[in-house]
Amino acid sequence: AILFVLIPKGLFPEQDTGQLRATVVAGQDISFQRMATIQNKVADVLLADPEVASLSSNIGVDGQNPTLNQGRMLINLKDGSERGSQTALIRRLKERARDVSGVTLYLQPVQDLTIDTETGPNQYRFSLQGADSEQIAQWARKLMAALHNEPKLQNVTSDVLEQGRAVKVSINRDVAARLGISTATIDSALYNAFGQRIISTIFTPSTQYRVILESQPGMLTSPTALDRLYIPTNSGASVPLGTVATFTPGNASLLVSRVAQFPAATIGFDLAPGVSLGEAVDAVIATEARLGMPEGISTRFLGAASAFRASLTNEIYLILAAIVVVYIVLGVLYESFVHPVTILSTLPSAGVGALLALMVA
């Protein structure tokens with residue numbers, strides 16, 4: 001029992017499959033064009049490593065990539081006989097990526113067996129959820145800051161991204177009414193210019209093409225460019241948007257996260273070298289208890305970390321059930337209630353040997 005408590009506990013051992021999944025994270029206010037430039041620089045730096053065979057790279061918001069300031073890569077490594085250990089390679093690639101200013105590179109080995117349905121820059125995730133989104137964001141920042149000082153964790157991240165750039169368009173309704181411009185007209189003009197409105201579809205025998213309405217390239221170089229957008233009046237003339245509205249630059253969230261339909265914040269973390277998943281989970285729980293989180297916020301582990309905690313909860317019951325089944329089978333075999341106990345009495349010594357072997361190996 002003592003060895004069972006003391007032994008480091010994990011879920012799945014880390015494999016070397018010859019592939020790495022990379023997440024490139026830049027500043028929250030970055031543009032698509034700037035992100036593409038940085039992503040290409042990181043790709044060139046990684047391909048310069050002699051143990052990297054090839055990679056595929058993508059940016060933009062999709063099912064796997066939640067925000068524009070993150071890019072994804074799938075790195076294919078050379079054959080195991082032509083390279084060193086995977087751990088040393090990951091460490092070296094991170095050092096190489098530091099030559100590209102303004103980005104942080106997160107690397108994870110691709111595994112054959114995974115539990116997580118969502119991917120991110122970290123291997124394990126922990127969520128806070130409640131009814132008040134501002135309170136969730138506030139405590140997520142506090143918890144993240146505390147976990148940064150936890151030596152058993154590394155690469156602590158959060159999906160609370162509130163520093164995206166935004167422009168608030170405030171409509172002067174009196175002026176707009178005098179010119180016969182409705183709010184819907186302004187909304188439609190903005191969407192036509194920047195919302196990628198589909199206005200038609202061209203069908204061919206083999207495929208189809210969407211016709212997208214948008215402003216000229218370079219229109220969104222600065223918030224003042226909005227004044228070059230013209231709005232039609234009821235008299236048939238057009239006036240600049242700045243005639244009926246004012247523009248206020250500010251910040252906005254890049255991502256609105258939810259877990260079970262409640263506002264949520266997700267904190268990701270990786271294990272420090274030589275630290276087991278059980279120790280890391282205990283460190284997160286202890287940090288949360290030390291901060292004294294409000295009762296209105298509930299927390300839980302997600303993905304692999306959640307499965308790990310569930311497996312520990314059920315493990316004792318599974319062992320007891322196995323012992324009961326073995327006792328019944330032996331009792332039927334020997335037609336005795338006592339002889340099965342004699343055989344089962346060897347289990348403690350066998351368990352000690354197994355746990356000691358795991359610790360040594």
Side-chain angles (χ1 to χ4, degrees), residues 5-16 20-26 28 66-67 69-70 85-95 97-98 103-111 114-129 136-162 255 257 259 264-293 297-313 359:
V5 172
L6 295 180
I7 190 170
K9 301 172 183 65
L11 190 63
F12 298 128
E14 187 177 282
Q15 292 176 273
D16 185 349
L20 300 176
R21 184 170 60 245
T23 303
V24 180
V25 180
Q28 298 180 31
T67 58
N69 72 319
Q70 294 186 13
S85 72
Q86 179 177 260
T87 304
L89 175 59
I90 290 176
R91 192 182 307 114
R92 188 169 68 250
L93 292 179
K94 287 184 177 180
E95 289 291 335
R98 288 184 181 142
V103 297
T104 304
L105 178 66
Y106 298 92
L107 291 169
Q108 295 180 39
V110 174
Q111 304 293 286
T114 60
I115 292 178
D116 285 291
T117 57
E118 300 178 14
T119 59
N122 306 100
Q123 193 169 3
Y124 303 105
R125 295 177 297 121
F126 177 81
S127 77
L128 295 77
Q129 62 189 75
I136 291 292
Q138 175 187 357
W139 280 94
R141 288 190 292 268
K142 289 183 180 180
L143 181 58
M144 182 179 171
L147 292 178
H148 268 300
N149 300 322
E150 175 54 57
K152 296 179 180 179
L153 308 179
Q154 64 180 4
N155 302 331
V156 179
T157 63
S158 170
D159 64 357
V160 178
L161 306 174
E162 300 176 313
L255 178 69
S257 180
V259 173
T266 302
I267 294 177
F269 62 92
D270 293 323
L271 308 181
V275 176
S276 68
L277 178 55
E279 293 172 324
V281 167
D282 291 340
V284 173
I285 295 173
T287 303
E288 176 194 349
R290 187 172 67 252
L291 290 178
M293 205 164 292
I297 298 178
S298 60
T299 60
R300 66 173 178 171
F301 288 89
L302 303 175
S306 175
F308 166 75
R309 296 196 73 197
S311 68
L312 288 185
T313 303
M359 287 180 170

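Scope of the values below: all heavy atoms of this structure, side chains included, with no hydrogens, waters or symmetry mates.
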*At what distance, to the nearest 0.5 angstrom, does CG of Asp282 lie from OG1 of Thr287?*
10.5 Å
*Report the C-alpha distance between Gln70 and Leu255 in whole Å, list the side-chain angles of each, state the deciding distance to 0.1 Å, and finish with yes or no for side chain to side chain contact (heavy atoms under 4.5 Å, CB included).*
CA-CA 12 Å; Gln70 294 186 13; Leu255 178 69; over 6 Å; no
*More than 12 foreign heavy atoms under 6.0 Å from CZ of Arg309: is that the case here?*
no
*About how many Å separate OH of Tyr106 and CD of Gln123, when rounded to the nearest 0.5 Å?*
14.5 Å
*Work out which heavy atom in Gln129 is nearest to a heavy atom in Ala264; give both atom names and the distance.*
CB-CB, 4.0 Å
*Indicate yes or no: at least one non-hydrogen side-chain atom of Ser311 is less than 4.5 angstrom from one of Lys9.*
no
_With a 4.5 Å cut-off on side-chain heavy atoms, are Leu147 and Phe126 touching?_
no
*Okay, side chain of Asn69, backbone of Ala26: is any donor-acceptor separation there less than 3.5 Å?*
yes
*For the atom pair CG (Leu277) and NZ (Lys152), what is the distance rounded to the nearest 0.5 Å?*
12.0 Å
_Please give me the minimum heavy-atom distance between Glu162 and Gln28, naming the atom from each residue._
N-OE1, 3.1 Å
_Reference residue Thr299; test side chain to side chain contact (heavy atoms under 4.5 Å, CB included); the match among Ile267, Val284, Leu143, Leu128_ = Leu128
*Is a side-chain N or O of Glu279 found less than 3.5 angstrom from the main chain of Ser276, in a donor-acceptor match?*
yes
_I need the minimum non-hydrogen distance between Ala265 and Val160, along with the two atoms involved._
CB-CG2, 3.6 Å
_Closest heavy-atom pair and its distance - Ala280, Leu153_ = CB-CD2, 3.5 Å
*asked:* What's the separation between atom OG in Ser127 and atom CD1 in Ile297, rounded to the nearest 0.5 Å?
replied: 11.0 Å
*Below 4.5 Å, heavy atoms only, C-beta onward: do Val275 and Glu150 meet side chain to side chain?*
no
*Measure from the side-chain N and O atoms of Gln108 to the backbone N and O of Asn122, and report whether any donor-acceptor pair falls under 3.5 Å.*
yes
*First locate atom CZ of Arg92, then atom OG1 of Thr87, and finally report the distance between them rounded to the nearest 0.5 Å.*
11.5 Å
*With rounding to the nearest 0.5 Å, note down the distance linking CG in Leu20 to CD in Gln86.*
5.5 Å
*Salt-bridged, Arg98 to Glu95, with N to O below 4.0 Å?*
yes
*Mind listing the closest non-hydrogen atom pair of Leu6 and Met359 along with its distance?*
C-CE, 4.1 Å
_On a heavy-atom basis, which atom in Asn149 and which in Ala145 lie closest, and how many Å separate them?_
ND2-O, 3.5 Å
_Flag side-chain contact, heavy atom, 4.5 Å: Ile115 against Leu11_ = yes
*State, yes or no, whether a side-chain contact exists between Tyr124 and Leu271 at a heavy-atom distance under 4.5 Å.*
yes
_From CA spacing to verdict: side chain to side chain contact (heavy atoms under 4.5 Å, CB included), Met293, Lys142_ = CA-CA 10 Å; Met293 205 164 292; Lys142 289 183 180 180; over 6 Å; no
